[in-house]
Amino acid sequence: MKTEKSINEFINPQDLDIRVINIKKFFKDIKAVDGVSLEIRKGEFIALVGPNGAGKTTLVEMIEGLQSPDSGEVYIKGKLWKGNEDTLRRILGISLQETYFFDKITVLETLNLFASFYGLGEDRIKYILELVNLDMKSKVYVNNLSGGQKQKLALGIALLNNAEILLLDEPTTGLDPSSRREIWNILKRLKEQRNISMILTTHYMEEAEFLCERIIIMDKGKILAEGQLNKLLSDYSNESNKMNLNDLFLSMTGRHLDE
Amino acid sequence: MLKRPLFQLILVQLKEFCREPGILYWGIGFPVLMAWGLGIAFTNKGSLVRNIAVIENRIIIENNVLRNFLANSESYITNDEKIYKKTIVDKKLGKINYKIIFTSKEKAFILLKRGTVLVILEEKDGKVKYYFDPMSNDAQLVYLQLSREINNNKNFDYIIPLIETGTRYIDFLIPGLISMGVMMSIMWGISYSLIEKRSKKLLRRLIATPMKKTSFLFSHFAARFILCCTEAACLFFFAYFYFDIKIEGSLIALFIIFLSGVIAFTGIAIFASSRTSKTEIGNGLVNVVVMPMMVLSGVFFSYHNFPEAVIPFIQKLPLTMLADGIRSIFIEGAVLKDVIMEVFYLLGTGILFFLAGFKIYKWY
C-alpha cells in the first residue's frame with residue numbers, strides 16, 4: 001500500500017485544526033475504525049471517500065465528539081473533547097448524515113432555535129438564509145421542503161455559528177445534480193472567503209475533486225491511501241492504464257466507490 | 001428572550017403541538033368527550049335503557065303481579081319474542097326506560113351471559129324470582145328498582161338519591177380524568193417524543209451544539225406543564241358549565257399537587273425514554289407504565305373494589321396519589337396540609353426518576 005507521507009509531520013501541532021491519533025472504535029466484532037491517524041491543517045479541505053460501511057461516519061462522529069473512541073485520541077485546535085465540550089461545540093459546524101428536524105416548524109423558526117444555542121441574532125439568520133438560498137422558503141414548514149432544500153437547511157445550520165471547522169457527512173447524498181452543484185458552490189465560496197477547515201465524507205469522486213485538496217480513501221475501518229488527487233492517481237496509474245478515483249478504489253479493494 | 005435557548009426550545013414544542021390538529025383533538029377534545037359520555041351514562045342527565053328478560057310462562061300473563069306492572073305498556077313482537085317498553089319516572093332517580101323481553105329460560109340465560117340483559121325475572125306461585133350477577137352494581141340497582149315497582153312500593157324504605165354536587169359519579173370522575181390526562185399527556189408527549197427524536201437523530205443533532213442537556217429536558221417539562229394546564233382547564237370548565245362541578249378546597253393546593261404530578265410523570269417519562277431508540281419499544285414502555293395505573297388507580301371507579309391486600313400498593317402509585325389528592329381538593333374541600341404527603345411523594349418520585357434517567361440517558 002502506497003501512502004503519501006504527510007508534510008504535517010514537519011509542522012507545529014498548534015497549527016493543526018484536527019489531529020487524530022491511532023483511533024479505534026469496534027462494535028462487537030465489527031471494526032468500524034481500526035487504528036486511524038490523520039492531521040488537518042488550518043484552511044485545509046479534506047474528503048473522506050469510501051463505500052458504505054467503510055467507517056467514514058464513525059470516524060467523523062468521533063471527531064465531532066458524538067462517539068467516544070475505544071482507544072486513541074482526538075484533538076481539535078489542540079484540545080481534547082473531555083473538559084472542553086462547550087468550547088469545541090462553538091467552533092465546529094456540523095452536518096450529520098440524514099438529520100431530521102422538527103416537522104411542523106418553519107425554516108426560520110428552526111434557524112432561530114439553533115441560533116439561540118450560540119447566542120446569535122436575526123442578522124446572522126438572515127445572512128445564512130441568503131447564503132443557502134432559502135430566504136424565499138423561510139416560512140415553509142420543514143416537512144414541506146424538498147430533499148435538496150432540507151440538505152441546504154442542514155448546511156445552513158452547520159454554517160450558522162461561523163464555524164472554524166466544518167464536518168459535513170455526505171451533505172449531497174441523494175440530491176439531484178443541480179442541487180448538489182448549488183451546495184458545492186456555497187462551500188467553494190466559503191473556502192475562498194474564509195480560512196476554514198473542512199472534512200467532507202462523500203461517495204462522489206467529482207465532489208471530492210471539486211472541493212478538496214486532499215483525499216483520504218477508507219475501507220473496513222482503515223485508511224488505504226491519502227494525498228492530493230492528482231498525486232494519488234499518478235502514483236497508481238501507468239502509461240497504459242489511466243485511472244480515476246473509482247478505478248483507484250477498485251484496484252485497492254475490489255469494490256466500487258458507490259457500493 | 002428570543003436568544004434564550006430554553007425559551008426557544010419551549011416555543012418550538014408549543015408550536016408543534018398547536019400546529020397538529022390530531023394532538024389538539026386527542027389532548028383536549030377526547031378527554032372532554034369522554035367526560036361528557038361517562039357523565040351522561042352515570043348521572044341522571046338523559047334517560048337510560050335497561051334490558052331485562054322475563055321467562056315466558058303462560059301463567060305469568062294471568063298473574064296479577066307482572067300484569068299490573070306492565071299495564072298500559074307499549075308492546076311489540078319481534079323474532080317470536082314479545083317485548084314490552086316500560087318507563088319508570090321518578091322525581092329523584094330520573095327517567096328509566098326498561099326493555100322487557102319475554103323469552104324461553106334457555107334464551108334468557110344466554111342473553112344474561114352475553115350481557116344483553118341485566119336481570120332475569122321468573123314468576124312462580126305468585127312470587128317473582130330475580131336472577132342476576134351479585135357482583136354487578138347495575139344489576140343490583142335494577143333489582144332494587146324493579147322489585148320496588150312490581151310490589152307497588154310496599155314494604156320498602158325510602159331511597160334518598162345523593163345527587164348534590166360532590167356526591168355524584170361525575171364529581172368522582174373529573175379529578176380522575178384530569179389526573180389521567182396529566183399521565184397520558186406526559187408519558188406519550190415526552191417519553192415517546194424523546195424516543196422518536198433519538199430514532200430520527202434529531203437528539204444527536206441538537207447535542208452537537210452547545211445546547212445544555214438540562215435545558216433540553218427542562219423545556220419538555222415546561223412545555224408539557226403549559227399543555228397539561230390547558231387540557232385540565234378545558235376539561236374542568238366543560239364539567240363546570242355542563243355538570244356544575246365545583247372545587248370545594250384550596251386552589252393553591254390544587255396548583256401545587258398538579259405541578260407535583262407533572263414533575264412526577266416527567267421524571268418517569270425521562271427515565272422510560274432514557275435508552276431505547278426504537279419507537280416500537282418506546283410504545284411498549286409507555287404502555288407498561290400507563291396501563292396498570294389506568295386500571296388500578298381509581299380513575300373511573302374506586303380502587304377499593306380491589307382485594308384489600310393490594311390496596312396499599314395501589315395507593316402508592318403516582319397516578320393514585322395524584323387522583324386522590326385532586327379528588328380530595330375537588331370534593332372534600334382539602335387544603336395544602338391535607339395533601340402535603342401526596343405532594344412530597346410525587347415530587348420525590350419525579351426527582352428520583354429524573355436523576356436516574358439523566359444518569360443513564362443515551363443522547364446518541
Side-chain angles (χ1 to χ4, degrees), chain A residues 57-58 60-68 81 84-106 108-125 141-144 150 153-154 157-158 160-161 163 165-169, chain B residues 1-27 189-190 192-220 222-224 227 277-279 360-364:
Chain A
T57 296
T58 308
V60 168
E61 287 189 350
M62 284 192 285
I63 296 170
E64 287 165 345
L66 292 177
Q67 291 199 47
S68 309
W81 270 103
N84 296 300
E85 281 209 16
D86 191 63
T87 313
L88 295 182
R89 297 245 170 267
R90 287 179 190 281
I91 59 170
L92 292 182
I94 288 170
S95 171
L96 301 177
Q97 197 183 66
E98 286 180 70
T99 306
Y100 290 83
F101 295 104
F102 298 91
D103 283 346
K104 287 282 174 99
I105 297 300
T106 67
L108 181 63
E109 288 162 349
T110 305
L111 287 168
N112 267 329
L113 173 68
F114 280 87
S116 73
F117 301 146
Y118 301 96
L120 301 169
E122 284 175 20
D123 291 348
R124 183 69 191 166
I125 293 165
Y141 289 155
V142 169
N143 64 342
N144 291 337
K150 280 180 187 165
L153 175 63
I157 291 170
L160 200 56
N161 58 327
I165 301 168
L166 279 180
L167 301 165
L168 310 178
D169 195 358
Chain B
M1 192 69 128
L2 285 170
K3 285 187 188 176
R4 296 242 171 104
L6 182 60
F7 174 77
Q8 284 292 338
L9 282 164
I10 295 170
L11 199 63
V12 160
Q13 288 177 57
L14 291 176
K15 280 178 178 172
E16 270 208 312
F17 184 88
C18 295
R19 289 168 185 173
E20 193 60 72
I23 298 176
L24 281 177
Y25 168 73
W26 290 110
I190 294 183
Y192 192 80
S193 130
L194 284 175
I195 293 167
E196 199 180 25
K197 286 185 178 92
R198 186 184 290 120
S199 80
K200 288 181 169 180
K201 296 184 181 177
L202 178 55
L203 215 52
R204 178 183 286 236
R205 182 63 193 87
L206 289 168
I207 217 68
T209 70
M211 179 194 76
K212 284 192 170 63
K213 292 169 183 172
T214 45
S215 296
F216 176 72
L217 293 180
F218 184 79
S219 73
H220 280 76
R224 277 292 142 183
L227 297 173
S277 58
K278 291 192 170 70
T279 48
I360 60 168
Y361 210 82
K362 193 176 165 187
W363 292 93
Y364 37 78

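By convention in this document, chain letters (A, B, ...) are assigned in the order of the sequence lines, proteins followed by strands, and residues within each chain are numbered from 1.
- Between chain B and the residues L88(A), L160(A), I94(A), the largest count of heavy-atom pairs under 4.5 Å involves I94(A).
- You'll find the side chain of L153(A) reaches within 4.5 Å of the side chain of L111(A), heavy atoms only.
- Around atom CG of D123(A), no more than 12 heavy atoms belonging to other residues, nucleotides or ligands sit under 6.0 Å away.
- The residue among F102(A), Y141(A), F101(A), Y118(A) with the most heavy atom pairs within less than 4.5 Å of chain B is F102(A).
- Contact annotation for L6(B): neither backbone nor side-chain heavy atoms come within less than 4.5 Å of a heavy atom of chain A.
- In terms of non-hydrogen atom pairs under 4.5 Å with chain A, the most contact-rich of Q13(B), K15(B), R205(B), E16(B) is R205(B).
- By the 6.0 Å contact criterion, OH on Y192(B) is enclosed, its count of non-hydrogen atoms from other residues, nucleotides or ligands being greater than 12.
- R89(A) and G65(A) get closest at one heavy-atom pair: NH2-O, 3.4 Å.
- Between the side chains of T58(A) and Q67(A), no donor N or O sits under 3.5 Å from an acceptor N or O.
- Looking only at distances, no side-chain donor or acceptor of W363(B) sits under 3.5 Å from a matching main-chain atom of L66(A).
- Contacts between K212(B) and chain A at a heavy-atom distance below 4.5 Å are absent for every atom of the residue.
- Heavy atoms of N161(A) lying under 4.5 Å from chain B are absent altogether.
- Ranked by heavy-atom pairs under 4.5 Å with chain A, the first of K200(B), K201(B), K197(B), E20(B) is K200(B).
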